[in-house]
There are 2 protein chains.
Amino acid sequence: MSSLLPPSTEGTPPASGGAATVTPAFSPLYQQIKGLILHSLQHGEWKPGEAIPSEIELAARFRVSQGTVRKAIDELAAENLVTRRQGKGTFVATHAERQVQYRFLKLLPDAGDASEEGPAQRTILECRRLRASADMARSLALRAGDSVIQIKRILSFVGVPTILEDIWLPGQAFKGLTAEQLAHYQGPTYAMFELDFGVRMVRAEEKIRAVLPDETQAQWLNVPAGTPLLSVERLAYTYNDVPMELRRGLYRTDTHHYHNKLN
Amino acid sequence: MSSLLPPSTEGTPPASGGAATVTPAFSPLYQQIKGLILHSLQHGEWKPGEAIPSEIELAARFRVSQGTVRKAIDELAAENLVTRRQGKGTFVATHAERQVQYRFLKLLPDAGDASEEGPAQRTILECRRLRASADMARSLALRAGDSVIQIKRILSFVGVPTILEDIWLPGQAFKGLTAEQLAHYQGPTYAMFELDFGVRMVRAEEKIRAVLPDETQAQWLNVPAGTPLLSVERLAYTYNDVPMELRRGLYRTDTHHYHNKLN
DNA sequence: GAGTGGTCTAGACCACGCG
DNA sequence: GCGTGGTCTAGACCACTCA
């Protein structure tokens with residue numbers, strides 16, 4: 001019935017005053033609805049953990065059928081931006097949920113189950129402001145010289161130091177972040193980012209290599225020099241593919257391994 | 001309207017005539033349809049690359065609406081078992097397609113694009129029959145002592161040896177596999193498995209570690225002893241979660257990196 | 001123009017969670 | 001018992017491909 005974007009002439013005029021684009025850029029209604037919901041998520045109309053309006057409400061709001069809203073939400077759910085719970089509603093996804101904690105951490109113990117280990121113990125080694133190098137700026141879509149926060153920390157499992165991590169965050173978005181905050185917050189760091197800074201990490205990409213640690217790194221991880229380690233370089237994004245964190249981890253793989261499912 | 005499996009006799013009553021199972025194991029119609037299509041795929045009713053019947057045909061065959069078939073196929077497509085092409089039909093997925101070649105290989109060149117490198121050159125070092133060890137048997141769901149084929153090979157990119165791989169296959173399913181076949185087949189090895197042995201790899205899991213090569217390994221890969229390498233242990237499955245291949249690769253990560261997307 | 005997958009609707013009913 | 005998401009249907013129309 002109605003339509004909302006480029007291809008349309010009645011419910012909302014097309015406004016295609018531009019040049020003759022080769023691709024008319026047909027966009028199905030449910031994609032447009034998805035965009036609208038995404039916009040609301042992005043602008044905090046509903047907070048992480050909260051329920052979004054029911055499908056029927058959204059259908060009424062956007063003047064489309066429930067089925068169309070459903071398909072939009074289906075895609076958001078597939079991208080982990082939202083979580084459906086039958087009988088209860090649809091909820092804004094959060095890194096604080098018990099079930100999907102450490103969603104981005106693929107390191108598993110060789111023996112037993114991650115749940116046996118319990119959560120990682122964090123040791124903050126460093127937390128300071130600095131100016132972005134050219135490289136750093138490019139990765140985080142900043143300008144060279146912009147403020148950046150660097151964090152260095154160790155994650156230990158059952159007392160064994162296993163991950164040595166450097167984290168870089170755009171200073172702008174994380175004003176006032178302190179080492180204490182990082183050390184004392186219970187739960188995933190990404191959950192704290194949501195709560196205290198309104199920054200939601202939505203997806204990430206990792207580049208993995210095998211490397212040898214330098215002396216200092218070997219000491220922090222309590223391994224002999226010459227022990228091969230996994231270098232995991234992660235770029236994490238918020239909405240709209242905006243990069244918000246660069247992380248470089250050194251993983252011990254003598255007791256753990258990086259686990260990946262391929263489909 | 002109709003239904004096909006456990007929960008039903010016709011209108012679709014709950015059918016709780018058995019012991020008091022705590023979970024009635026409700027299975028939606030489209031899941032049952034999915035199972036039926038899966039069964040046909042598994043038993044080769046349609047070969048890799050071929051089109052399966054249209055949604056309308058399948059709907060008629062199973063006596064359900066097109067929408068129900070659609071949802072079943074949607075899931076199969078999401079699992080990469082089938083590929084939809086608007087205007088043409090739905091096709092049995094294959095590892096031989098140009099687009100998704102090397103679906104399971106996550107190693108990318110640091111600079112440039114994988115397409116620039118072109119396909120890997122294969123050097124077969126070994127291809128022999130042996131008896132499964134206890135470990136091997138457990139991984140491949142065989143009995144210790146069952147026949148296993150072991151392949152050792154090198155993959156080179158633009159002439160540079162980059163991956164040293166050991167592959168173990170259940171001898172039963174790969175009778176008659178030869179080193180020549182492995183060396184001369186154009187295209188992904190998994191495509192050859194489909195064509196010559198009717199074995200389709202559907203998903204896989206990898207365990208990744210950083211390791212140091214022994215002398216022989218270092219020589220094959222043409223790297224100095226002490227060069228850290230990625231150890232990638234892959235277990236690949238056919239339909240029904242049946243393991244069909246165990247693979248252990250040593251990846252050089254001085255010019256390449258393992259790339260992973262996290263959602 | 002015929003056939004295929006893709007979108008959209010409207011309505012009925014089901015499973016689930018909670019009060 | 002109500003509200004939510006989940007399933008199923010039937011039918012109309014759209015976009016794409018190919019002969």
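Residue numbers start from 1 in every chain, and the chains themselves are labelled A, B, ... in the order their sequence lines are given, proteins ahead of strands.
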Trainee: Name the closest nucleotide to the R70(A) side chain, picking from dC8(C), dT4(C), dT7(D).
Mentor: dT7(D)
Trainee: Starting at atom CG of L29(B), determine the distance to atom P of dA15(C), rounded to an integer number of angstrom.
Mentor: 12 Å
Trainee: For the side chain of Y30(B), starting at C-beta, report the closest nucleotide among dG6(D), dA15(D), dT7(D).
Mentor: dT7(D)
Trainee: Whole angstroms only, please: what is the CD-C1' distance between Q66(B) and dA10(D)?
Mentor: 10 Å
Trainee: Rounded to the nearest 0.5 Å, how far does CH2 of W168(A) lie from CG of L235(A)?
Mentor: 11.5 Å
Trainee: Which nucleotide in the list dA15(D), dT9(D), dA15(C) gets nearest to the side chain of T68(B)?
Mentor: dT9(D)
Trainee: Identify all side-chain donor-acceptor contacts of residues 36-44 of chain A below 3.5 Å with residues at least two apart in sequence or on another chain.
Mentor:
from: S40(A); atom 1: OG; to: E45(A); atom 2: OE1; distance (Å): 2.8
from: Q42(A); atom 1: NE2; to: N240(A); atom 2: OD1; distance (Å): 3.2
from: H43(A); atom 1: ND1; to: H39(A); atom 2: O; distance (Å): 2.9

Trainee: So, are R153(B) and E165(B) salt-bridged, with charged N and O less than 4.0 Å apart?
Mentor: yes
Trainee: E57(A) CD to dT4(D) P: how many Å, rounded?
Mentor: 6 Å
Trainee: Please list, by residue number, the residues of residues 75-85 of chain B whose heavy atoms come closer than 4.0 Å to an atom of DNA chain D; answer none if no residue qualifies.
Mentor: none
Trainee: Can you name the residues that form a salt bridge (charged side-chain N to carboxylate O under 4.0 Å, His left out) with E206(A), not counting sequence neighbours?
Mentor: R234(A)
Trainee: Would you check if there is a donor-acceptor pair between the side chains of Y237(A) and E205(A) at a distance under 3.5 Å?
Mentor: no
Trainee: Take atom NZ of K71(B) and atom C1' of dT9(D), then tell me their distance rounded to the nearest Å.
Mentor: 14 Å
Trainee: In terms of side-chain heavy atoms of S65(B), which of dT4(D), dT9(C), dC8(D) is nearest?
Mentor: dC8(D)
Trainee: Verify the contact: side-chain N or O of T90(A) to OP1 or OP2 of dG5(D), cut-off strictly under 4.0 Å; return yes or no.
Mentor: yes
Trainee: Taking atom CD as the centre, does E50(B) end up with more than 12 heavy-atom neighbours from other residues, nucleotides or ligands that are less than 6.0 angstrom away?
Mentor: yes
Trainee: Separation of I33(A) atom CD1 from dT7(C) atom P, in whole Å?
Mentor: 14 Å
Trainee: Picking from dC8(D), dT9(C), dA15(C), which would you name as closest to the side chain of P28(B)?
Mentor: dC8(D)
Trainee: On DNA chain C, compare the nucleotides closest to I52(B) and G67(A); which residue's is nearer the 5' end?
Mentor: I52(B)
Trainee: When the distance from CD1 of I73(B) to C1' of dT7(C) is rounded to whole Å, what number comes out?
Mentor: 16 Å
Trainee: Do the side-chain N or O atoms of K88(A) get closer than 4.0 angstrom to the phosphate oxygens (OP1, OP2) of dG3(D)?
Mentor: no
Trainee: How long is the line joining CD of Q32(B) and P of dC14(C), in whole Å?
Mentor: 16 Å
Trainee: Verify the ring-centre separation between F193(B) and F174(B): is it less than 6.0 angstrom?
Mentor: yes
